[in-house]
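Notes for the one structure printed next.
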There are 2 protein chains.
Amino acid sequence: MQRALDQAQAAARRGEVPVGAVLVCDGAVIAADGNRVEQLNDPTAHAEMQVIRAAAAVLGRTRLEQCDLYVTLEPCPMCAAAIAHARLRRLYYGAYDPKGGGVEHGARVFARATCHHHPEIVGGLRESEASALLRDFFRQRR
Amino acid sequence: MQRALDQAQAAARRGEVPVGAVLVCDGAVIAADGNRVEQLNDPTAHAEMQVIRAAAAVLGRTRLEQCDLYVTLEPCPMCAAAIAHARLRRLYYGAYDPKGGGVEHGARVFARATCHHHPEIVGGLRESEASALLRDFFRQRR
């Protein structure tokens with residue numbers, strides 16, 4: 001989770017909403033990245049999407065069954081559904097996101113009967129640090 | 001919609017689940033592509049994601065407010081949330097997808113109070129052709 005927080009701080013320095021993610025497979029970090037929506041002009045370039053795509057490319061397969069995702073913010077519905085498509089084993093996340101989240105809030109993607117894959121989920125990991133990063137970023141901006 | 005159906009047929013010829021999408025901005029086709037999950041080893045490479053990412057790159061912005069998406073299948077929750085992130089104006093889709101869809105089914109992404117953007121939505125456009133493509137593909141595979 002420290003590496004995900006580092007990625008979130010790096011995203012903030014790039015002027016991106018500070019969210020960072022790390023993808024771990026069999027105990028090894030396969031991909032680590034942050035939000036790059038503005039830099040890449042890509043509305044889908046959330047931190048989770050970045051590391052899922054990178055890990056699938058590295059491993060040469062679309063199903064990442066032995067892989068765990070660490071991300072500093074509760075995934076949005078796009079990222080939650082991508083986690084299901086990629087068949088990730090576990091999802092660890094930091095801050096809860098009542099406005100944009102799609103795991104514990106809003107669309108609750110994994111709670112739907114039609115969701116074809118349910119990772120183990122641990123929320124609130126180093127929550128206060130992850131929240132503080134976001135709060136400080138938006139306070140400076142607004 | 002014909003061009004989206006053409007893209008779906010091209011996807012089938014590549015061995016991909018046959019879904020095609022076209023992104024139109026101010027009456028001009030900005031991007032057209034099909035599902036490329038297998039070819040790119042990317043679990044997020046659904047047709048809708050491909051054209052949203054391509055259009056954002058072409059237009060040099062992350063918000064595609066004057067743009068309309070045509071896709072042959074009801075978007076999954078990942079793609080529905082990506083449509084919201086990209087602020088697309090209208091979503092036209094073909095076949096309904098009770099198992100994997102996230103618009104009329106399952107997570108119903110746009111129906112959530114926390115969803116920050118709601119495109120106009122027209123479902124069932126050339127539904128029988130779009131459904132037949134998928135049905136024929138899976139019949140040959142299984």
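A, B, ... follow the sequence lines: proteins, then strands. Residue 1 opens every chain.
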What residues of residues 4-22 of chain B make heavy-atom contacts with chain A at a cutoff under 4.5 angstrom? none
What parts of residues 105-118 of chain B touch chain A if we use heavy atoms and a cut-off under 4.5 Å? B:Gly106, B:Ala107, B:Val109, B:Arg112, B:Thr114
Answer yes if A:Leu69 and A:Ile121 sit in the same cluster of Ile, Leu, Val, Met, Phe, Trp and Tyr residues linked by side chain heavy atoms under 4.5 Å apart, and no otherwise. yes
How many angstroms lie between CG in B:Leu40 and OG1 in A:Thr62, if you round to the nearest 0.5 Å? 11.0 Å
Is any residue of residues 72-93 of chain B within less than 4.5 Å of chain A by heavy atoms, and which ones? B:Cys76, B:Pro77, B:Met78, B:Ala81, B:Ala82, B:His85, B:Ala86
Hydrophobic clustering (ILVMFWY, side-chain heavy atoms < 4.5 Å, transitive) - are B:Leu64 and B:Val71 grouped together? yes
Select all residues of residues 23-33 of chain B having any heavy atom within less than 4.5 Å of some heavy atom of chain A, and report them by number, or 'none'. none
Flag, side chain of A:Asn41 to backbone of B:Gly60, donor-acceptor distance under 3.5 Å: yes
Any chain of hydrophobic side-chain contacts (each under 4.5 Å) joining B:Met1 to B:Tyr96? no
Below 4.5 Å, heavy-atom pairs only: which of A:Glu38, A:Arg63, A:His46 has the largest tally toward chain B? A:His46
Is atom CZ of A:Arg3 surrounded by more than 12 heavy atoms (other residues, nucleotides or ligands) closer than 6.0 Å? no
Should A:Met49 and A:Val51 be regarded as members of a common hydrophobic cluster, given that ILVMFWY residues are connected when their side-chain heavy atoms come within less than 4.5 Å of each other, either directly or indirectly? no
